[in-house]
2 protein chains.
Amino acid sequence: MKNRMPAQPPHPADDVLDHVGYRLKRAHAALRAAMDKALREHGLTVPQYSCLEVLAARPGMSNADLARATFVTRQSMNVVMRGLLDAGLIDRPGTVETGRARPTTLTADGQRLLRAAQESVYAVETRMVRALPGRRLAALIEDLDRVAQALDE
Amino acid sequence: MKNRMPAQPPHPADDVLDHVGYRLKRAHAALRAAMDKALREHGLTVPQYSCLEVLAARPGMSNADLARATFVTRQSMNVVMRGLLDAGLIDRPGTVETGRARPTTLTADGQRLLRAAQESVYAVETRMVRALPGRRLAALIEDLDRVAQALDE
DNA sequence: TCGGGTATGTCAACATTCTGACATGCAACC
DNA sequence: GGTTGCATGTCAGAATGTTGACATACCCGA
């Protein structure tokens with residue numbers, strides 16, 4: 001209905017649609033949609049892929065660790081892991097010598113599927129990076145980290 | 001369990017946690033949590049606030065317009081609007097002369113509540129902006145827009 | 001040794017959001 | 001006029017996520 005003019009908005013600078021938070025939300029929504037589409041052909045959801053990916057980089061993480069790393073609650077990660085366990089993509093000892101946290105690892109199937117999915121997802125990431133002019137990638141990452149840190153405390 | 005060292009990760013550069021997508025997700029999660037906390041005292045959720053905010057900047061938007069502007073489906077925005085209608089914060093004509101799209105506007109109560117909520121939310125946004133060194137804000141916004149555009153097509 | 005304090009895994013209830021579907025309304029084109 | 005295409009609003013069901021709660025397990029100081 002209303003026309004969108006992202007390049008030259010016909011509004012004062014304090015328009016909501018010009019705020020950083022809105023742009024951040026917009027970029028995140030676009031990334032989420034692109035990843036969702038890329039992962040569909042591999043039969044994975046974004047949380048499932050995130051779990052596998054983090055697990056490949058940091059083998060032996062517990063359920064609570066994975067929840068924190070992927071920004072969801074322990075309970076949500078619990079159902080994600082149940083799905084991955086049923087699919088035989090991850091493995092976890094039934095009991096552990098000390099504590100309650102059980103270390104999780106990728107199975108051979110999990111590693112295979114992850115490698116296949118990574119090709120699709122990394123293509124998405126490449127599209128992102130190529131859209132950035134010059135050496136702005138490092139600056140963008142640094143700024144995102146500063147923002148996250150400022151908001152966390 | 002694993003120690004986090006965001007400044008100097010003890011891993012190769014191709015670690016997932018170093019990717020742009022991960023940092024984007026992380027920053028968005030932090031923003032979402034901060035806004036959630038700021039809005040709780042006003043009795044608003046983030047989608048509800050987004051709806052009011054966009055509606056203040058672009059009065060007369062339809063349900064589908066608002067859904068697109070806030071990156072949710074029409075169906076989701078429908079239930080958000082139902083809550084705002086029941087709370088008397090927005091208003092919408094029962095019928096319209098032409099078409100199906102009904103223009104929505106803020107009520108006086110909606111404008112009052114939005115103004116109060118904006119103070120809390122803008123404080124969050126200020127925290128974000130202050131965390132950015134020098135004149136990097138404009139560059140960050142521009143980069144986020146480029147990323148979103150590259151992923152949308 | 002024995003409490004607090006904290007972290008974990010999991011269950012249940014609730015909310016939020018999505019996908020699928022359908023009816024309605026308009027425009028364009030034959 | 002009729003039909004095709006597209007956008008909108010809304011219903012129903014399923015998937016996904018959350019908060020709240022509880023039992024368990026470690027750590028640490030009194």
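Note that the coordinates shown come from a computational prediction; the quantities given were computed from them, not determined experimentally. Sequence lines set the chain letters: A, B, ... in the order given, protein chains first and strands last, and positions in each chain run from 1.
- Of the candidates C/dG9, C/dT17, D/dT10, the closest approach to any side-chain atom of B/P47 belongs to C/dT17.
- Both A/T73 and A/T98 sit near DNA chain D, but only A/T73 has its closest nucleotide nearer the 5' end.
- Between D/dG9, C/dC18, C/dT8, one nucleotide has an atom nearer to the side chain of B/R74 than all others, and that is D/dG9.
- Atom-to-atom, CG of B/N78 to P of C/dA21 comes out at 19 Å; the value is rounded to the nearest Å.
- By the 4.0 Å N-to-carboxylate-O rule, A/E142 lies close enough to A/R146 to be salt-bridged with it.
- Ion pairing between a basic and an acidic side chain is recognised when a charged N comes within 4.0 Å of a carboxylate O; B/R40 and B/D36 show such pairing.
- Among the protein residues, A/T45 comes within range of the sugar-phosphate backbone only, with heavy atoms under 4.0 Å from sugar or phosphate atoms but none that close to a base.
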Close N or O pairs between protein and nucleotides 12-14 of chain D (under 3.5 Å):
none

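- In this structure, CE of A/M81 is placed 13 Å from P of C/dT8, rounded to the nearest angstrom.
- Closest-nucleotide positions on DNA chain D for A/R32 and A/G99 were compared, and the one nearer the 5' end corresponds to A/R32.
- Taking all atoms of both residues into account, the shortest heavy-atom contact from A/L151 to B/R127 is O-NH1, 3.6 Å.
- Between B/H28 and A/H28, the ring-plane angle classifies as parallel under the 30° and 60° cut-offs.
- Using a 4.0 Å cut-off between charged side-chain N and carboxylate O, B/R136 and B/D143 make no salt bridge.
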